[in-house]
Amino acid sequence: MLANMVALGSVLGLVLPVILRADTSAGVGFRFASHIDDYMVLQKEPAGAVIWGYGIPGATVTVSLASGQKTIMKKVTQVKAQSSNTWLVVLDPMKPGGPFEVLAQQTLGSVNSTLRVHSVLFGDVWLCSGQSNMEMTVSQIFNATKELSNVAAYQSVRIMSVSLVEAEEELEDLPEIDLPWSTPTAGNLGHGNFTYMSAVCWLYGRYLYDTLQYPVGLISSVWGGTPIEAWSSARVLKACNVPKKGYVSPDTVSGPTEHSVLWNAMVHPLCNMTLKGVIWYQGESNMNYNRDLYNCTFPELIEDWRHSFHQGSQGQTERFFPFGFVQLSSYLPAPSPDEGFPDIRWHQTADLGYVPNVKMPNTFMAVSIDLGDRNSPYGSVHPRDKQTVAYRLHLGARAMVYGEKDLIFQGPLPEKIEFLAHQESINLTYYQQIQLQRQDNNIFQISCCSKHQCKWLPAPMSTFSNWTLTLNMKSCGGSVVALRYAWATWPCEYKQCPIYHPESALPAPPFMAFVNGHWGRVARG
Ligand SMILES: *[C@@H]1O[C@H](CO)[C@@H](O)[C@H](O)[C@H]1NC(C)=O
Ligand SMILES: *[C@@H]1O[C@H](CO)[C@@H](O)[C@H](O)[C@H]1NC(C)=O
Ligand SMILES: *[C@@H]1O[C@H](CO)[C@@H](O)[C@H](O)[C@H]1NC(C)=O
Ligand SMILES: *[C@@H]1O[C@H](CO)[C@@H](O)[C@H](O)[C@H]1NC(C)=O
Ligand SMILES: *[C@@H]1O[C@H](CO)[C@@H](O)[C@H](O)[C@H]1NC(C)=O
Ligand SMILES: *[C@@H]1O[C@H](CO)[C@@H](O)[C@H](O)[C@H]1NC(C)=O
Ligand SMILES: *[C@@H]1O[C@H](CO)[C@@H](O)[C@H](O)[C@H]1NC(C)=O
């Protein structure tokens with residue numbers, strides 16, 4: 001019933017095709033879904049964790065949770081012949097902690113067999129997905145040795161990494177797992193270049209653990225050089241009218257590009273588990289591939305994953321679960337025309353410049369335009385400072401997901417943009433205090449129009465205070481129709497953008513604002 005699929009192990013572009021036969025059809029024995037294993041983290045309260053697997057049609061399956069000799073709960077269900085011989089139970093909500101054993105006992109006539117997984121914790125489970133910047137391992141980042149040496153303190157942060165597999169149809173179970181649920185070690189975190197486990201995912205979980213002090217489960221499902229279309233279901237592609245085949249630029253796309261193949265094999269099989277949320281670092285491969293559709297495909301992917309995980313987990317994964325993402329960083333040399341990365345960064349926010357917003361509810365973003373790494377041995381498209389990215393992302397989670405009310409998690413954006421025609425200047429008032437780290441007379445640009453032509457000209461900074469900034473627009477002889485900030489592939493050097501929020505050191509995100517009779521407001525939701 002399931003199509004044959006091709007499993008591809010890819011290391012730095014070296015692709016080894018392996019033909020796998022889907023092994024989930026009738027007659028296969030009693031087992032857990034392949035992501036259910038020793039050392040796993042199950043989602044804690046208020047949700048109930050889902051446990052599922054395969055068995056003999058008609059058999060009774062009793063799932064129990066045990067701590068030492070003590071059975072804490074039992075759930076009984078039947079193997080459903082109509083649904084490829086699967087069974088599924090939802091556990092009662094559990095407080096964070098452990099360890100526990102999960103047992104599943106199948107009985108049918110004289111058949112009586114038991115499965116058991118041990119060292120199971122309850123906590124928050126996060127799925128990490130995207131392309132190579134999410135795939136880079138801890139051994140590839142700055143201070144790798146130091147970051148690999150402190151794992152002993154994080155034995156309650158558990159990791160798992162899904163194998164690189166594509167499929168033509170939605171798979172029910174993962175065909176392969178590179179790294180089964182494990183406690184972190186220097187060996188499995190620093191496994192080599194672009195092979196399990198994701199550094200951003202790990203660091204994000206580690207920072208969360210520092211705050212939460214309860215178990216965190218991290219699942220990495222990532223493939224380098226892949227466009228969003230490969231991670232999108234047919235529903236997303238249809239909603240955005242994505243053409244069947246587009247031109248694929250080989251310089252930014254090296255992984256599978258076929259529609260839905262990674263959604264099918266690497267995400268759909270996880271939909272029946274209970275999750276806390278998702279983090280995502282992807283977009284580079286869409287720089288020259290359906291770029292103008294990314295403002296649709298990305299919000300639609302979020303919506304579709306939310307719908308699918310909610311439904312698959314019997315409503316246990318929240319319908320609008322938190323979705324965090326990294327806004328694209330910088331790289332060199334900047335292509336000409338210099339618009340791919342700035343457009344994708346903008347489209348990552350559904351063209352609003354900030355999240356959450358009406359099109360992207362319950363999302364959070366880590367801005368990383370100031371983390372470019374011109375000397376990265378993996379190419380400047382792979383910056384090595386993943387600590388700051390993960391740190392900024394975890395600030396978003398703490399504020400949006402874990403309810404830290406006054407935590408600043410987003411850099412300064414203008415609240416009011418005034419056009420002072422007689423003074424030939426623009427007055428920006430920010431939502432937050434700003435710290436002008438550096439004068440940069442090219443980073444703000446105005447779209448200046450005369451007759452039938454508009455072009456972007458620099459608007460130099462003139463005066464500033466703690467909340468406001470004045471730009472000079474004398475260079476424009478015609479009329480000014482738009483203003484933009486940091487609209488370049490490489491807008492500034494490492495941690496040297498002009499505008500930051502003072503205490504949090506968060507950079508001002510890129511934005512574009514239009515004059516519609518009066519200045520459009522860059523409002524924050
Ligand atoms: C199955 O075996 C276990 C012990 O191996 C026993 O406790 C249980 O009662 C048996 N159940 C059935 C239905 O035979
Ligand atoms: C990873 O890449 C770096 C930089 O190219 C190289 O020095 C190192 O040998 C690679 N490591 C492995 C395990 O291939
Ligand atoms: C997405 O951006 C393109 C230009 O890049 C624009 O033409 C289109 O209207 C935008 N779509 C949405 C849904 O905002
Ligand atoms: C997983 O969820 C889907 C969608 O609700 C459902 O069709 C499927 O039967 C579920 N799998 C199991 C093992 O129950
Ligand atoms: C690397 O370690 C040094 C020394 O502790 C520190 O100053 C620097 O910020 C670290 N870099 C990153 C990216 O964490
Ligand atoms: C810019 O706006 C701020 C806040 O509204 C105001 O205090 C300041 O006087 C304005 N600057 C100019 C040059 O108009
Ligand atoms: C401006 O900010 C600095 C540093 O945060 C602070 O010391 C100073 O009092 C502020 N000035 C005003 C007028 O708010």
Side-chain angles (χ1 to χ4, degrees), residues 1-2 9-14 24-26 28 30-36 48-55 57 59 61 63 75 77-90 104 132 135-142 144-145 148 169-174 186-196 199 224 233 235 264 267-275 304-317 319 373 375-384 408 412 429-430 432-437 463-469 499-505:
M1 137 206 37
L2 292 171
S10 129
V11 181
L12 279 180
L14 177 76
T24 53
S25 47
V28 175
F30 183 45
R31 66 174 181 88
F32 285 118
S34 32
H35 61 78
I36 293 176
V50 171
I51 303 285
W52 69 277
Y54 295 91
V61 175
V63 175
K75 298 281 164 188
T77 188
Q78 243 74 45
V79 179
K80 299 169 289 181
Q82 312 89 315
S83 327
S84 48
N85 305 332
T86 54
W87 51 267
L88 179 152
V89 300
V90 178
S132 55
E135 198 173 34
M136 283 173 78
T137 63
V138 179
S139 56
Q140 293 178 271
I141 67 174
F142 284 131
T145 311
L148 290 172
E169 290 168 42
E170 289 180 346
L171 303 187
E172 193 168 52
D173 194 20
L174 293 170
N188 59 25
L189 285 171
H191 186 72
N193 298 336
F194 301 108
T195 59
Y196 67 84
S233 75
R235 293 176 294 275
N264 288 343
V267 181
H268 184 266
L270 298 167
C271 281
N272 297 49
M273 71 188 298
T274 313
L275 284 184
D304 187 61
W305 284 27
R306 283 175 169 165
H307 172 82
S308 304
F309 277 92
H310 179 70
Q311 201 178 47
S313 66
Q314 320 281 306
Q316 296 303 311
T317 297
R319 176 64 182 83
D373 180 5
N375 299 318
S376 172
Y378 314 102
S380 66
V381 76
H382 297 127
R384 285 168 293 173
I408 305 260
T429 307
Y430 282 84
Q432 291 168 323
Q433 270 207 35
I434 56 170
Q435 177 176 312
L436 202 65
Q437 174 128 325
T463 60
F464 65 92
S465 73
N466 280 1
W467 297 81
T468 68
L469 178 66
I499 303 169
Y500 286 84
H501 174 258
E503 292 89 44
S504 68

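Both counts, for ligands and for their atoms, begin at 1 and track the order of listing. Reckoned from all heavy atoms, side chains included, excluding hydrogens, waters and symmetry mates.
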Does the Ser376 side chain pair with the main chain of Pro383, one donor and one acceptor, at a distance under 3.5 Å?
no

Check whether any protein heavy atom sits under 4.0 Å from atom 7 (O) of ligand 7.
no

Donor-acceptor pair, distance only, cut-off 3.5 Å: does the side chain of Thr137 make one with the backbone of Thr195?
no

From His382 atom NE2 to Ser380 atom OG, the distance as rounded to the nearest 0.5 Å:
9.5 Å

Identify the protein heavy atom lying closest to atom 13 (C) of ligand 7, giving its residue, its atom name and the separation to 0.1 Å.
Asn466 ND2, 4.3 Å

Heavy-atom gap Gln314 to ligand 4 smaller than 4.0 Å
no

Please work out whether any backbone atom (N, CA, C, O) or any side-chain heavy atom from C-beta onward of Gln433 is under 4.0 Å from ligand 7, and answer side chain, backbone, both or neither.
side chain

heavy-atom search around atom 5 (O) of ligand 4 in the protein gives Gln311 O, 3.4 Å

Give yes if a backbone or side-chain nitrogen or oxygen of Thr86 is under 3.5 Å from a nitrogen or oxygen of ligand 4, and no if not.
no

Any donor-acceptor N or O pair under 3.5 Å, side chains Glu172, Thr86:
no

Would you mind listing which atoms of ligand 4 come within a distance below 4.0 Å of any non-hydrogen atom of Lys80?
14 (O)

Distance check, rounded to the nearest 0.5 Å: Leu174 atom CG versus His268 atom NE2?
11.0 Å

Suppose I only count heavy atoms of Leu88 and a 4.0 Å limit; which atoms of ligand 4 are within that range?
12 (C), 14 (O)

Any donor-acceptor pair under 3.5 Å linking the side chain of Thr317 with the backbone of Leu275?
yes

In ligand 4, the atoms that come under 4.0 Å of a heavy atom of Asn272 are 1 (C), 2 (O), 3 (C), 8 (C), 10 (C), 11 (N), 12 (C), 14 (O)

Classify the ring geometry of Phe30 against Trp87: parallel below 30°, tilted from 30° to 60°, perpendicular beyond 60°.
tilted

What is the closest protein heavy atom to atom 4 (C) of ligand 4, and at what distance does it sit?
Gly312 CA, 4.0 Å

Based purely on interatomic distance, does Glu503 place a nitrogen or oxygen under 3.5 Å from a nitrogen or oxygen of ligand 7?
no

With rounding to the nearest 0.5 Å, note down the distance linking CZ in Phe464 to CG in Leu436.
5.0 Å

